[in-house]
Amino acid sequence: MSHSPLLEFADPPAEMVDAVQGAFSSARTFVKKYDPTLVVSFAPDHYNGFFYDLMPPFCIGYEAMGVGDYGTTEGPLGVPTERAEELAPSGGAGDRSSAAAGPGEGRTL
């Protein structure tokens, strides 16, 4: 789910708030009902660990840390490192610069 740190600091019209909260609720319900065993996210983020002049075309997260800003989780996030490594085989021994995602097992969302 995309997010904005400004969601809690803006005062949009009530109908807009209701529409956004409704969309969030629908997404939560869909994911709960689907009950995936693995979620693979292909999306932009703030990429706290990169500078724009060094931004790779894509990156695969084998581990993740929440920075705790705007009331979000701080510390290690639940990334299944071994599974991430399986889904992104390297182009050579230890070379993850040319890795590409492959199909997963189970119910992947």
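Judged as a side chain to side chain contact (heavy atoms under 4.5 Å, CB included), and not counting sequence neighbours, Ser26 has no contacts. By the side chain to side chain contact (heavy atoms under 4.5 Å, CB included) test, Val79 pairs with Ala64, sequence neighbours left out.
Among all heavy-atom pairs drawn from Val31 and Pro36, the shortest one is O-CD, 3.4 Å. Of all heavy-atom pairs between Glu63 and Thr81, the closest is CG-OG1, 3.4 Å. In this structure, Gln21 and Arg28 approach most closely via the heavy-atom pair O-NH2, 4.5 Å.
The structure places CD of Glu85 at 10.5 Å from CG of Leu87, a figure rounded to the nearest 0.5 Å.
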